[in-house]
Protein chains: 4
Amino acid sequence: MADEEKRGRPRDMAARRRVLTAAYALLEEGGVTALTMEAVAARAKVGKPMLYRSWPNAQALAMAALIEAAPDAPEDDGSGPALAALRRQVRFVVEVFASRIGRSAAALVASATRDTEIFKSFRSQVILSSRTVGRALISRAVEEGDIRPGIDVEAALDAIYGPVFFRVLVGHEGLDAGFADRLMDTVLEGLRPR
Amino acid sequence: MADEEKRGRPRDMAARRRVLTAAYALLEEGGVTALTMEAVAARAKVGKPMLYRSWPNAQALAMAALIEAAPDAPEDDGSGPALAALRRQVRFVVEVFASRIGRSAAALVASATRDTEIFKSFRSQVILSSRTVGRALISRAVEEGDIRPGIDVEAALDAIYGPVFFRVLVGHEGLDAGFADRLMDTVLEGLRPR
Amino acid sequence: MADEEKRGRPRDMAARRRVLTAAYALLEEGGVTALTMEAVAARAKVGKPMLYRSWPNAQALAMAALIEAAPDAPEDDGSGPALAALRRQVRFVVEVFASRIGRSAAALVASATRDTEIFKSFRSQVILSSRTVGRALISRAVEEGDIRPGIDVEAALDAIYGPVFFRVLVGHEGLDAGFADRLMDTVLEGLRPR
Amino acid sequence: MADEEKRGRPRDMAARRRVLTAAYALLEEGGVTALTMEAVAARAKVGKPMLYRSWPNAQALAMAALIEAAPDAPEDDGSGPALAALRRQVRFVVEVFASRIGRSAAALVASATRDTEIFKSFRSQVILSSRTVGRALISRAVEEGDIRPGIDVEAALDAIYGPVFFRVLVGHEGLDAGFADRLMDTVLEGLRPR
DNA sequence: ATCTAAGCGAGACGGTACGTCACGTCTTGGG
DNA sequence: CCCAAGACGTGACGTACCGTCTCGCTTAGAT
């Protein structure tokens, strides 16, 4: 383990970039099913063995591409009230997941084996990262007196982010800013101080 | 629509049953990826063309099998309070989706094209049917004075069922009766009369 | 055997005609591979079982269609010299086999099982019928003193008709009237009186 | 033509051999219809795509197998008279084509599309190669004074080899050494010096 | 400066499953 | 009791990707 020889030609970082870019483009164009190892190799002008050297299968590569490209949530600068920041963030999340890429991310989660490193990292960085932000904002809102103390924070986070994901995948009704707002109204009503 | 010619040999219902049973068994044993048309054909002693005559692809067949086998939600006999019935029903939904079959259903939704008849029927009968039950129970709870009038029912339903689906797929935390209860506590708090 | 019941609906002769016409048309349009039982049934507006009642398989049906449509060799009215009639007949045979239908007939022979009644009838009526005519003409030519007596007639017939069939199938060189003439020159040289 | 890129893993010659051997064996055992791509793949322990990489369809593969295995005509050492060598060679050809493999070769010619490279090569190496030998022997026989000069050599070759092929396919009468001899007697009579 | 080990692209390999086609049989309802 | 229509089990078709493997060519760190 400690040895880690480093002779020979090093990995080609430019090729790696080409691969991730190609993978992302395929996801954008045709969704999860369009991302085949063959297509990525062809588009990135790369051999298949090179892909398998870095990622064990197509899902892993897709996840890596999405992790790479995941947009950061808008920074909370702490200036305004936390509740408003939380509303803004949920709107942002809705917007991201409404795109084809968001659907791809959701579909990947649904079909993946859950015991791999890459999956866990994908889950935390792409699917759950907004939850982390939300958790911090809820804490601040409690301090600001807009949410009462003692609530079950995890359950609250589920109630906020779960429905977004649900609609992304099930598509039974639209995903837009109005939805984000109504959802927040309903949930926050249960969280405000009595 | 009214025409509907009915000449020729009719579909063989026994074979159809064998197919759906085989498909369900495969889903149970190995999840979505185990359900291949070849495997179903072999296990049901049926030719592949027969499968394609009735279902356009493996997902559609999987959905049909799940629709066929979908357990009915526990009947609400209207005897007790609606809120209690709602809690019971959410527990039931959590339990169903925690099984391999539940995960298969969720994964199918995630990967399917949404414009087909079979998908819409699958969505309403397997994924959203609990929502319908929940909607009725909320109405009754309003009449019973346990939920205040004027709330956004759809948003409330999303807040209840969304998180279940979310956890099924993302698997970031456990799915059990305790989760169902904590979730209901949080959401109902926002719905009760002021 | 002697019973020969004749109850029930009689065979539909019009349908039979439609079938043979359809089969012939398919042979003309796409050759042997285009004549499938399904295509014939569809084009003749006939059920497949009806086809199988009369012909055991596609080749048999094709043969029947070709037998039905086989052009009769030009009648030898016995007026002119037999040798000239023979030359005319060979030219005619060459012409017939140079068409797509001729090739189909040849290909059928090549691929067929040889022990069936229909094959034997096809062989004699479509492939070998010209031989019969030729045999008679050779006899007359012997009487007329243009061919010497005592030759091996069957070998001579093979030497005349074999090459035609050969070129039809192998297609190494053209099939035309000039070929027919050169062939006859060569063979007849060996048959003339010494 | 001169380019001929040679990158990537080279074709596996051992596998190629296995395929051709399997194909030949199937032809021998069951004739043309027994040679299916699936059967060859199974017997040669090879994937179907590998077959399609090298041959566009079953007929092409069959042809390749027959070309590979085609027995060379007995060498003409030039010692004896050319006419005798020609008789020997025709006997040999008759013998080869009387076998199941010979019939397969003939049937392939009959059913094939004629515009492909593989067909042309098959025709010249399997069907027409004997003709080439025969052409040379006729030339020598002319020099030796056993055949008169000025005859139409191609017509003569057709008269010799055409009937063999004819009988192979039509099977109206036996194919044996006696047939070969009688045929040669008839044809050579027309070729000898006057 | 030259080995030389590793990475590289290309692409063939044995497989699995796909979705389609035609086969030849069987089973309806209608004439 | 035949007919058309058409579903059935079978089996081959030709294609798409899978994940693994060998090639011959860079490329750069170690000798």
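Letters A, B, ... mirror the listed sequences (proteins, then strands); counts begin at 1. Side chains included, hydrogens not; waters and symmetry mates left out as well; all remaining heavy atoms used.
For the atom pair OG of B/S111 and CD of B/Q59, the computed distance is 5.5 Å after rounding to the nearest 0.5 Å.
Contacts between residues 21-30 of chain D and DNA chain E, defined by a heavy-atom separation under 4.0 Å, are absent. Heavy-atom distances under 4.0 Å link DNA chain F to C/K45, C/V46, C/G47, C/P49 of residues 32-49 of chain C, given in residue order. Against DNA chain F, the stretch residues 50-62 of chain B makes heavy-atom approaches under 4.0 Å through B/M50, B/R53.
Listed by chain and residue number, nothing satisfies the side chain to side chain donor-acceptor pair (under 3.5 Å) test with A/R16 (two or more places apart in sequence, or in another chain). Here C/T21 pairs with nothing under the side chain to side chain contact (heavy atoms under 4.5 Å, CB included) rule; sequence neighbours left out. Every residue two or more places apart in sequence or in another chain that forms a side chain to side chain contact (heavy atoms under 4.5 Å, CB included) with B/A58 is listed here: B/L35, B/M37. Partners of C/R100 by side chain to side chain donor-acceptor pair (under 3.5 Å), not counting sequence neighbours: none found. Listed by chain and number, the residues in a side chain to side chain donor-acceptor pair (under 3.5 Å) with A/S121 are A/Q125 (sequence neighbours excluded). C/T33 pairs by the side chain to side chain donor-acceptor pair (under 3.5 Å) definition with nothing, not counting sequence neighbours. C/T116 meets the side chain to side chain contact (heavy atoms under 4.5 Å, CB included) test with C/I118, C/F119; sequence neighbours excluded.
Nucleic acid contact class of B/R16 (heavy atoms, under 4.0 Å, all strands): none.
Contact of D/R9 with F/dC21 (side chain to base): a donor-acceptor pair of N or O atoms is detected under 3.5 Å.
Among residues at least two apart or in separate chains, salt bridge (Lys or Arg N to Asp or Glu O under 4.0 Å) pairs with a member in residues 41-64 of chain A are A/E29-A/R43, A/E38-A/K48. Within the structure, the salt bridge (Lys or Arg N to Asp or Glu O under 4.0 Å) test picks out the following pairs touching residues 17-28 of chain B (sequence neighbours left out): B/R17-B/E68.
Within the 4.0 Å cut-off from OP1 or OP2 of E/dC13, not a single side-chain nitrogen or oxygen of D/R18 is found.
One can place CG of B/D12 at 11 Å from C1' of E/dC26, the figure rounded to the nearest angstrom.
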